[in-house]
Colleague: 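Quick one: the structure is below, questions incoming.
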Amino acid sequence: MKTVLVTGASGFLGWNFCKLARKNWQLSDVRISGTYYTHALDIKGVDMIRLDLTDERSIREIFETVRPNAVVHTAAVSSPNFCQTHPDLSYAVNVTASVTLATICCDRSIPFIFTSSEQVFDGERSPYTETDAVCPINLYGEHKAIAEREILQRYPIATVCRMPLMFGCVPPTASSFIQPFLSAMRDGRELKLFVDEFRTPVSGETAAKGLLIALDTGMSILHLGGRERISRYEFGLLLKEVFQLERARIEPCRQADVKMAAPRPRDVALDSSKAYALGYNPPSLKTALLEIRGKV
Ligand SMILES: NC(=O)c1ccc[n+]([C@@H]2O[C@H](COP(=O)([O-])OP(=O)(O)OC[C@H]3O[C@@H](n4cnc5c(N)ncnc54)[C@H](OP(=O)(O)O)[C@@H]3O)[C@@H](O)[C@H]2O)c1
């Protein structure tokens, strides 16, 4: 029996990945071990273990306990604003721990998937392909870019998946960007959304399908963006329409109107044609939202 270790299973993407893997894999053939850090969570069919990525001994121990045949690394300090104000923690988790995991996977010759971000780019020359040079404008993106480089230097057959903005169903321990949107819209509170910030979002389930493809195909760098480039404002209007939220009050605003700790790239749309050619097939945003309506 094979064992796949999923770090960050209590987080948004790790949880979506575990749910999809549990559906797709025969549990008699593959055991799924998932990690949490501060949010203990039960996921049916997944063995959950606590892991502190800032503690190298804890990382090494988990390999001895779980003896994985592959690692999908979704754990991260994932908020750009938090990373900007906590640079040491961001570096420890997003760079040091990720490189340690990759090095151990290299020593054991097992597949390693690292989840990076669209924010390794500056947002001025989209859409970005896998061969474009990275040029981050905030610490989160900078740390992801350093991790990507060091991981691939140490373990050239590791896979770096650059994830886009993601939305969808969440466990009680995590969130995605639409949950606060929905809460404001349902309450009839004003929601100001950027008209000048563009992304190529996908649902957590679609992203998880992309990670499965990455695990199967073993590409070096793979963009897992959606097919539609959309602003937050346009996304909000689509959400209002699909979820039939009559009370929603969406107002346009610009990035420059809101002061945040981390600079925000303007347009980090990903060109994901390489993944599409491998069978990654994100549905339209409308279809993806219809699929999660009533579940979020
Ligand atoms: N969400 C997006 O839109 C988006 C966009 C682009 C890229 N990404 C990338 O995609 C991946 C998944 O993101 P996500 O949204 O699922 O993140 P998330 O919901 O914030 O989950 C983060 C996970 O990391 C774990 N974690 C945090 N600090 C840890 C530590 N010191 N030791 C061990 N585990 C720790 C958390 O555990 P606890 O909660 O149990 O503490 C949680 O399971 C990340 O690499 C992120 O950078 C996300």
Side-chain angles (χ1 to χ4, degrees), residues 6 8-25 32 34 36 39 41-46 72 74-76 78-79 115 117-118 161-189 191 193-194 197-214 223-250 268-270 272 275-276 279-296:
V6 183
S10 55
F12 167 72
L13 180 60
W15 178 79
N16 274 283
F17 180 81
C18 285
K19 276 196 355 176
L20 182 74
R22 199 189 58 205
K23 247 191 332 199
N24 276 32
W25 292 336
I32 307 168
Y36 67 93
H39 297 105
L41 172 74
D42 279 333
I43 308 177
K44 211 171 136 212
V46 178
V72 179
T74 74
S78 66
S79 156
T115 53
S117 165
E118 52 187 10
C161 290
R162 295 207 182 112
M163 312 310 297
L165 182 67
M166 293 177 277
F167 60 90
C169 297
V170 294
T173 50
S175 187
S176 80
F177 80 93
I178 61 167
Q179 273 70 24
F181 284 16
L182 285 170
S183 135
M185 287 179 177
R186 285 175 176 140
D187 294 350
R189 273 181 283 126
L191 183 62
L193 295 177
F194 298 132
E197 182 177 289
F198 297 90
R199 303 290 185 257
T200 38
V202 295
S203 74
E205 188 180 356
T206 295
K209 287 179 182 163
L211 295 180
L212 281 180
I213 290 171
H223 286 182
L224 294 177
R227 295 180 190 276
E228 286 154 86
R229 172 182 170 278
I230 192 168
S231 71
R232 300 246 178 188
Y233 178 73
E234 292 162 329
F235 193 98
L237 294 180
L238 185 63
L239 195 57
K240 174 178 176 174
E241 177 201 324
V242 173
F243 281 56
Q244 298 169 347
L245 298 167
E246 306 307 331
R247 297 186 67 203
R249 291 167 51 217
I250 304 172
V268 282
L270 295 175
S272 303
Y276 302 160
Y280 183 54
N281 191 15
S284 72
L285 287 173
K286 192 165 187 174
T287 303
L289 288 175
L290 280 168
E291 276 168 15
I292 60 168
R293 195 175 67 178
K295 300 185 202 159
V296 287

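We use all heavy atoms of the structure for the numbers below, so side chains are in, but hydrogens, waters and symmetry mates are not. Nothing fancy with the numbering, it's 1 onward along the sequence. Note that the structure is predicted; figures quoted are calculated from it, not measured.
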Colleague: In the structure I gave you, are the side-chain heavy atoms of Met163 and Val202 within less than 4.5 Å of one another anywhere?
Modeller: no
Colleague: Between Val296 and Val170, does a side chain to side chain contact (heavy atoms under 4.5 Å, CB included) hold up when you go through it step by step?
Modeller: CA-CA 7 Å; Val296 287; Val170 294; 5.9 Å; no
Colleague: Taking all non-hydrogen atoms of both residues, which atom of Gly11 and which atom of Ala174 are closest, and how far apart?
Modeller: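 Residues Gly11 and Ala174, closest heavy atoms: C-CB, 3.7 Å.
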Colleague: Side chain to side chain contact (heavy atoms under 4.5 Å, CB included), that's the test. Do Leu13 and Leu211 meet it? Break it down for me.
Modeller: CA-CA 10 Å; Leu13 180 60; Leu211 295 180; 3.9 Å; yes
Colleague: Considering non-hydrogen atoms only, spot the tightest contact between Lys295 and Cys169 and give its length.
Modeller: CB-SG, 3.7 Å
Colleague: If only atom types and distance count, is the side chain of Thr173 paired as donor or acceptor with the main-chain N or O of Ser10 below 3.5 Å?
Modeller: yes
Colleague: Is any side-chain heavy atom of Asn16 less than 4.5 Å from a side-chain heavy atom of Met166?
Modeller: no
Colleague: To the nearest 0.5 Å, what is the distance between NZ on Lys240 and CZ on Arg249?
Modeller: 10.5 Å
Colleague: Of the options Ile178, Thr206, Ile230, which is the one that meets Pro201 in a side-chain contact (heavy atoms from CB on, under 4.5 Å)?
Modeller: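 Result: among Ile178, Thr206, Ile230, Ile230 is the only option passing the side-chain contact (heavy atoms from CB on, under 4.5 Å) with Pro201.
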Colleague: Which atom pair, heavy atoms only, marks the closest approach of Leu238 to Lys286?
Modeller: CD2-N, 4.1 Å
Colleague: Give the minimum heavy-atom separation between Pro164 and Gly225, together with the two atoms involved.
Modeller: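 Minimum heavy-atom contact is CG-CA, 3.7 Å.
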Colleague: Could you tell me whether the side chain of Arg229 and the main chain of Thr200 form a donor-acceptor pair under 3.5 Å?
Modeller: no
Colleague: Roughly how far, to the nearest 0.5 Å, is CD1 of Ile32 from NZ of Lys44?
Modeller: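 Taking NZ in Lys44 and CD1 in Ile32, the distance rounds to 12.0 Å.
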Colleague: Assess whether side chain to side chain contact (heavy atoms under 4.5 Å, CB included) is satisfied between Lys19 and Val46, documenting all intermediate values.
Modeller: CA-CA 9 Å; Lys19 276 196 355 176; Val46 178; over 6 Å; no
Colleague: Taking the side chain from Arg247 and the backbone from Arg186, do they hold a donor-acceptor pair closer than 3.5 Å?
Modeller: yes
Colleague: Could you tell me whether the side chain of Arg199 and the main chain of Arg232 form a donor-acceptor pair under 3.5 Å?
Modeller: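 Flag not set: sc Arg199 to bb Arg232 has no pair under 3.5 Å.
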Colleague: Shortest non-hydrogen contact from Tyr276 to Pro282?
Modeller: CE2-CD, 3.5 Å
Colleague: Please report the closest heavy-atom contact between Ala9 and Cys18, naming both atoms and the distance.
Modeller: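 The answer is CB-SG, 3.8 Å.
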Colleague: Is the distance between the ring centroids of Phe167 and Phe181 under 6.0 Å?
Modeller: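 Distance test on ring centres: not under 6.0 Å, no.
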Colleague: Could you grab the distance from atom OG of Ser284 to atom CZ of Arg227, nearest 0.5 Å is fine?
Modeller: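 CZ of Arg227 is found 10.0 Å from OG of Ser284.
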Colleague: Apply side chain to side chain contact (heavy atoms under 4.5 Å, CB included) to residues Leu193 and Leu237 and explain how you reach the verdict.
Modeller: CA-CA 10 Å; Leu193 295 177; Leu237 294 180; over 6 Å; no
Colleague: OG of Ser176 to CD1 of Ile292: how many Å apart, nearest 0.5 Å?
Modeller: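 Those atoms lie 7.0 Å apart.
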Colleague: When rounded to the nearest 0.5 angstrom, what distance separates CG in Leu224 from OG1 in Thr115?
Modeller: 10.0 Å
Colleague: Could you state the interatomic distance from NZ (Lys209) to CG (Leu212), rounded to the nearest 0.5 Å?
Modeller: 9.5 Å
Colleague: Begin with the C-alpha distance, continue with both residues' side-chain angles, and end with the deciding distance and a verdict on side chain to side chain donor-acceptor pair (under 3.5 Å) for Arg189 and Ser183.
Modeller: CA-CA 8 Å; Arg189 273 181 283 126; Ser183 135; 3.0 Å; yes
Colleague: Backbone N or O of Leu20 within a donor-acceptor pair of the Glu205 side chain at under 3.5 Å?
Modeller: no
